[in-house]
Amino acid sequence: MNTPSTYQQVLFVGPGLRDGSQGQAFAAALRTLRGAAPNERIIDTLHSFDGLWQALQAPRQHLGEQVLVVDLEPASDSAYLDWLRDELARRAAAHPQAPRLWVTASALGRRGLAADAVCAEVARSERHLPCERVAPVAADPGWEHPPAHARHLFLCTGPRCVRRGALARWKTLRRHLLDHHLVETPGGVLLTRTACQFPCNRGPLLTVYPDACWYRIATDDDARRLVDEHLLGNRPVAALLIHPPSGGLPDA
Ligand code: FES
């Protein structure tokens with residue numbers, strides 16, 4: 001399907017675009033680069049996507065034939081984009097006057113909201129994806145049910161923990177968990193990356209629930225030790241804890 005040469009509307013969609021400092025700076029930079037374009041809107045999805053869904057309910061004569069949704073979700077990945085395109089496709093199908101929808105993701109990740117990069121993305125029509133005939137998004141277990149797990153691991157990938165090696169720890173942790181068939185299995189773990197958990201100076205930080213253990217995982221050996229001793233051996237690793245769990249350490 002050929003991408004359109006022009007869009008009647010461009011919607012910049014992402015969390016924290018209205019009130020956050022980054023969002024305000026982004027909006028100002030966008031205005032400088034693109035002018036006060038009446039056919040462009042910024043929609044904040046920090047609390048919900050309702051603003052986007054409502055915007056797309058407008059009659060076609062207001063929206064135009066072709067609408068580009070520029071996704072600015074910093075944690076976007078392929079599964080997230082599949083979900084967004086699928087959701088947009090379903091809503092368009094339920095709305096006879098819906099415009100043809102296209103999606104692109106800036107994939108800015110942790111570089112933050114760079115308005116010039118976003119504008120470049122708008123111009124790169126070969127990367128824009130149609131919201132039609134989107135392959136079905138897997139419904140089980142990813143989108144309906146919590147995956148099987150006995151413990152939930154929250155690895156901080158906030159800015160300070162990343163500087164201290166959190167992303168390298170994430171890879172090692174995930175590799176070691178996979179080697180032991182512990183990723184999303186009964187008795188295994190659900191590994192989630194998070195924003196700042198606050199004790200930044202003691203990071204890279206990993207919390208384990210329901211055990212309420214707060215760990216500093218400074219090295220790859222620490223990551224493997226945590227898996228071997230806490231997750232496989234069911235013994236919290238006292239040497240890696242930044243403070244004891246509120247209920248105290250269980251008896252060895
Ligand atoms: S950045 Fe990790 S705890 Fe703050």
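Note that ligands are numbered from 1 as they come in the structure, with each ligand's atoms numbered from 1 the same way.
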| How many angstroms lie between CZ in Phe154 and CG in Leu191, if you round to the nearest 0.5 Å? | 10.0 Å

| note | For Arg224, the salt bridge (Lys or Arg N to Asp or Glu O under 4.0 Å) test, sequence neighbours excluded, returns Asp221

| message | I'd like to know if the side chain of Thr172 and the backbone of Asp220 have a donor-acceptor N/O pair within less than 3.5 Å. | response | no

| said: Can you confirm whether the side chains of Asn234 and Arg151 place a donor and an acceptor under 3.5 Å from each other? | reply: yes

| Residue that, paired with Arg85, satisfies side-chain contact (heavy atoms from CB on, under 4.5 Å) out of Leu129, Val69, Asp71 | Leu129

| message | Can you confirm whether the side chains of Thr207 and Gln197 place a donor and an acceptor under 3.5 Å from each other? | response | yes

| remark: The number of protein N, O or S atoms lying under 2.8 Å from atom 2 (Fe) of ligand 1 is 2

